[in-house]
Amino acid sequence: MLYSMKMMREMEHRIEKLYRQGKIVGGVFFGRGQEAISTGSAILTEAEDAVCPCHRDLAAFLIRGMEPWVIFAHYLGRRDGPTRGRDGNTHMGSLKHRIISYISSMAAIVPVANGVAFSFQYRKQPNVVLCYFGDGATSRGEWHEAMNYGAVFKLPIVYLCNNNKYAYSTPTQRQMAVAHITDRASGYGMPCRRVDGNDVLAVYEATQEAILQARSGGGPTLIECETFRMSGHSAHDGAEYVPKELFEEWAGKCPIARFEKVLRERGLLTAEEIARMYERIAEEIEQAVQRAEESPFPDAGELLDGVFADSQAKNPQAAASPAKGN
Amino acid sequence: MLYSMKMMREMEHRIEKLYRQGKIVGGVFFGRGQEAISTGSAILTEAEDAVCPCHRDLAAFLIRGMEPWVIFAHYLGRRDGPTRGRDGNTHMGSLKHRIISYISSMAAIVPVANGVAFSFQYRKQPNVVLCYFGDGATSRGEWHEAMNYGAVFKLPIVYLCNNNKYAYSTPTQRQMAVAHITDRASGYGMPCRRVDGNDVLAVYEATQEAILQARSGGGPTLIECETFRMSGHSAHDGAEYVPKELFEEWAGKCPIARFEKVLRERGLLTAEEIARMYERIAEEIEQAVQRAEESPFPDAGELLDGVFADSQAKNPQAAASPAKGN
Amino acid sequence: MAERTYLEAIREGIWEEMERDGDVFLLGEDIGAYGGAFKVTAGMLEHFGERRIIDTPLAENAFLGAAIGAAIMGLRPIVELQFADFITTAYDQIVNYAAKARYRWGAGVPMVIRGPSGGGVHGGPFHSNNPEMPFVHTPGLKVVVPASAYDAKGLIKAAIRDPDPVLYFEHKLLYRRIKEEIPAGDYVVPLGQARIARVGRDVSVITYGAMVFVALEAAEVLAKEGIEAEVIDLRCLVPLDEEAVLASVRKTSRVILLHEDTMQGGFAGELAGRIAEKAFESLDAPLMRIASPDCPVPFSAPLEEAFLPNAKDVIEAARSLKAY
Amino acid sequence: MAERTYLEAIREGIWEEMERDGDVFLLGEDIGAYGGAFKVTAGMLEHFGERRIIDTPLAENAFLGAAIGAAIMGLRPIVELQFADFITTAYDQIVNYAAKARYRWGAGVPMVIRGPSGGGVHGGPFHSNNPEMPFVHTPGLKVVVPASAYDAKGLIKAAIRDPDPVLYFEHKLLYRRIKEEIPAGDYVVPLGQARIARVGRDVSVITYGAMVFVALEAAEVLAKEGIEAEVIDLRCLVPLDEEAVLASVRKTSRVILLHEDTMQGGFAGELAGRIAEKAFESLDAPLMRIASPDCPVPFSAPLEEAFLPNAKDVIEAARSLKAY
Ligand SMILES: Cc1ncc(C[n+]2csc(CCOP(=O)(O)OP(=O)(O)O)c2C)c(N)n1
Ligand SMILES: Cc1ncc(C[n+]2csc(CCOP(=O)(O)OP(=O)(O)O)c2C)c(N)n1
Ligand SMILES: [Mg+2]
Ligand SMILES: [Mg+2]
């Protein structure tokens, strides 16, 4: 888990650098300070489970097996990315990895994630879905419809909210008149848990329990992971609206540093081993970026491929069909 | 209040008859058995307050001063209805009466009702809005967005849910995994009350308290009125899916009979006075129907009037503009 | 062969597909015990059970989204909208999720969204809409508009088997009003093939849905005046059988574009664009569009009657084109 | 006169209207302290205060609905969508509530819905859309698409003063890219009047939004070849200045219909319908439509470049029309 968190952190640093260099265009979002959430949960998925990560959950992509170079290729708009250059930043999906792509409309993925969970239920497969979203997204109607729907049908799904205290520039107290996202779960009749989202072990334990319940037909759980967005909303946002003290306070709660400490204290990894792991990560990233930059841009001739099935080209990075006839 | 409830009951019977005669076309909906809800609440509004009734709240229209013959004219598609024949059944609105029309998309009125309440807040007027909807509507995302929004901005509004145990053919337990609509209020940080919706005095008291709070800047309240739909979903629905016993059980809880009893027991009205009132109602209805049937149908030449302001004709039944420039 | 109403033909098509493929299932409001607001799914709960005939909460985003997710995993959901008008409440899921998933990341969304559309039954502004255009305009969606019982069955089957999201708009006026002999068993009407509903040489009336009958009614009258109208029933708006349209235009050189949906931004414009680009040389007269005027669908009978295009409109247009 | 970017012109127009009329207020996400994702509302919170510059929760139905209710009561809300793309999430409120209220029961809804639309900035499939068509097709809504700083200010003012719901789609590519001298104080550009952006006699290019600049660029090149293109900037799609369109067609007899929005069901079709009905006699060549191809807006630079119509497309079309 330390590896995933650190890999996510460093990849995002590298993505930011590429963005500042003008090599990555459009906008980029980071999950800085929030790495424990996607890591501590996605690590629990089995091969046939599915994840629906949102824009601050890069570790979920990594844990599901999407290779760093493929991710960089995606950000760079290259043909070897899972969208073959059709989409950018965290809008990645891959049937092969059972990563279901979110779309920009916040919370629109939640009803869709329910449908993926439903397919497991329908086919009597013992699998679960992890569905991620932010605090702001819970103000949206689709979120409500989906939470209610998941509870009514007891779908095998775990809803993971990263409460990072802001939706863009808007603090949670302007998003809602309650203190916690979990205050909402009672309206759906599903269990909920609130955990320290910067403690990867706490996320792990809560998710484990929720997955167990979901797999055994007990229905969904809402987990609120309290955390803080240690960046602007996107790379072009300086976040001047965030009080400095908040950044300082939460810097002291870095999930990576905290987990390092746990591992060292429990004698599971030495400082040296950690340093070596980090070196390896740095190297892997450089190799990945290099390989991604060698990937060609898509060709203008591909523009219309795959609007419909009859014009779809094969994409080795994403295309494994999960079932017949699709 | 007895008058309003009875008038609503009898008008709906008359509407049903006109429908069965083929004089009213399209579909018609009744609030049979639910008359206490719109009556016990709307009766509390002051002249400048506003109501947003839904499809089982005919008494709210009456209490706000819409005349029975105008309502019949509306159902009959005549020019003297508040929509001049453009819309039918309970889709009535009138600025003059501060009745804000709902639209068919269930719960879509709730955000709009918030906006009406906001206008009071913005203009520092001491007014409130009563917004009505059914149990099924609370499954919709717009409902959630609006409840949250109303709570965040502490809008002067009262949300009244008629929980009549069914949304069309779907019983509440298939709509949600919680027992009560009020279970949802905790997710919005607003107070809630659950009352016997067939007891007009209980509705009255709960609404009175909520209005007081709203008027004094204390924000919204959600009131759940437990009741039962003593008809099919609309006049063409035989409601075979409803267990007979439920109809029998709730027939014994008729809000009109109950309130009659209270009035007699407290010595406020004698059986005779009540009988006379009912006779008067019957007469008024016959006169109203007659007058409505004398109202002309709209002329084909009016078809395009009022799509935009520059082609809008004046409609005496609805058109009083609430403010300058509109 | 068996005699079937338009509505029965839809039911039969769905029923047979559900028998054929265990991955096909239904989602919607009141489709189970109640059999749907128009009874299209009557009897299905009893036959197929709760696993496959699913009554949902009143939440279009939730169940359309669920259908999308299930389709991505290879199931074949059919979603019923109680009225097609309510598609506006789950618009984002359709145009942003379902329509774009394959293009973006290769995830096919084989689902059907169906429901009653159209006016003529005094449904008023919220139960009479023809909601096809925003979906015609969204790349990645297919749009089907059957006008006969034969097509209703053959097209719903094609839609269910299609690997992409298909919007299938039934016309509620036709549900019980038309009845035809149709083949008893399995047959498919492929998406994207128009039908010549009546052969003619003088003027082409290009239309779809309930307006096919208006065009045919007008053609009867016109024939008596010696004007032979050719009526093209498009059957699908996407994919469009452009060749059939252009062929008819080349043959008659005079064109009426007819639909029940409102005029501005309606499908007649798209057809006009294609014809004026690709068959300009063949035209001997201006194109004529006939559509509902640009206002909400009114409730009251005289207004709705004035609103809906009728045979008289078509007859007059054909005469004026002939005289041009 | 003062030099203003397109973005500044919008801000100035809103600012002046807020000064003029205390009933005008703003609703949207992150428009207060942050000044909006594109900073259109920068400085407004400080000047007008929290009562009139309102940051909302992330809930488009809630705040669009609230704006509708407030407008019915006579206030003049302006709603900012963070990206115009997200209008899909509150679609029902707009097309069913706002658009129909006046027609149904005489309740006017004087509100403006505005936001950044359009591509060319690598925004990908969800931040590059041109969402005008479903609203053009909905009776009761007006649709404004400014292309210059002068118009941006004059049209936002007209939109705010209009008694009906107006959709005002800004083009994000123009925000800081164009800068003009515009009048310092109050002026209004009335809705429904097109502008001749360049006078010509050989071919009419009828367009709007950022494509006006593509048309002008093409016209420069064509002029050197002796082809004088007339460029019509529609400014409003609803109400449409049909007379200006037809007048140009009658003058040049050759027509290119150009927009950035995708082709099928796009506005070019509506124009084609009107022209082929009403100026058929004047046409000396087929109509030509130039629009984005029917796929989602792709992210990667070479794909987006291939996707967006450009001057070369217009030049080639004009040449072929000239040669026709
Ligand atoms: C429906 C919709 N409206 C607006 C936006 C613009 N937007 C993108 S992210 C965002 C804030 C999201 O906040 P939250 O859900 O808390 O996630 P976070 O970014 O904090 O992780 C907004 C407003 C959007 N993506 N979708
Ligand atoms: C968005 C939407 N979907 C579906 C419908 C069709 N419909 C009309 S009323 C209704 C049931 C409403 O139930 P509830 O809110 O409980 O109100 P009730 O009729 O019981 O008073 C349904 C499904 C609708 N009007 N709007
Ligand atoms: Mg957040
Ligand atoms: Mg109900």
Side-chain angles (χ1 to χ4, degrees), chain A residues 24-27 74-79 81 83-89 91 102-108 134-144 166-172 174-177 232-234 236-237 239-241 296-308 311, chain D residues 28-39 41 45 50 54-65 81-83 85-93 119-129 262-264 292-308:
Chain A
I24 292 174
V25 296
H74 171 79
Y75 274 83
L76 290 159
R78 306 304 169 99
R79 195 193 270 146
T83 71
R84 310 177 78 230
R86 274 85 184 284
D87 211 335
N89 61 69
H91 291 117
Y102 83 106
I103 63 172
S104 280
S105 320
M106 287 290 113
D135 46 283
T138 70
S139 295
R140 284 213 60 225
E142 296 192 43
W143 181 81
H144 168 77
Y166 280 88
Y168 211 142
S169 75
T170 310
T172 36
R174 279 173 177 269
Q175 288 283 346
M176 53 197 206
H233 172 65
S234 63
H236 73 265
D237 167 20
E240 288 82 10
Y241 49 82
F297 278 102
D299 192 88
E302 299 166 29
L303 179 62
L304 289 173
D305 293 356
V307 176
F308 293 108
S311 64
Chain D
E29 290 155 351
D30 309 297
I31 61 171
Y34 193 64
F38 287 88
K39 303 288 179 195
T41 59
L45 177 67
E50 285 202 350
I54 304 169
D55 270 340
T56 67
L58 208 176
E60 278 76 5
N61 284 294
F63 65 77
L64 261 153
L81 296 166
Q82 201 155 83
F83 284 82
D85 307 65
F86 299 131
I87 202 163
T88 51
T89 64
Y91 187 65
D92 184 58
Q93 285 288 346
V121 301
H122 313 304
F126 305 113
H127 293 80
S128 308
N129 230 52
T262 51
M263 176 74 87
Q264 187 168 268
S292 294
D294 289 306
C295 67
V297 188
F299 162 72
S300 189
L303 292 178
E304 192 181 21
E305 206 184 302
F307 174 83
L308 293 170

How far does NE2 of D:H127 sit from NE2 of A:H91, to the nearest 0.5 angstrom? 6.5 Å
How far does CD of D:E29 sit from CZ of A:R174, to the nearest 0.5 angstrom? 13.5 Å
Does any heavy atom of chain D fall under 4.5 Å from the side chain of A:D237, the backbone, both, or neither of them? both
In terms of heavy-atom pairs under 4.5 Å, which option from D:D85, D:L58, D:D55, D:T89 contacts chain A the most? D:L58
Chain D heavy atoms under 4.5 Å from A:Y166: which part of the residue, side chain, backbone, both or neither? neither
Only one of A:T83, A:L303, A:D87 forms a side chain to side chain contact (heavy atoms under 4.5 Å, CB included) with D:P298, so which one is it? A:L303
Which region of D:F307, side chain (C-beta onward) or backbone (N, CA, C, O), has a non-hydrogen atom less than 4.5 Å from a non-hydrogen atom of chain A, or is it both or neither? both
Give, as side chain, backbone, both or neither, the part of D:A62 having an atom under 4.5 angstrom from any heavy atom of chain A. neither
Could you tell me whether the side chain of A:Y168 reaches within less than 4.5 Å of the side chain of D:Q82, counting heavy atoms only? yes
D:Y34 side chain near A:T170 side chain, heavy-atom distance below 4.5 Å: no
Answer key: most heavy-atom pairs under 4.5 Å with chain D among A:S139, A:G77, A:S104 is A:S104
To the nearest 0.5 Å, atom OG of A:S105 lies from atom CD1 of D:I87 at 12.5 Å
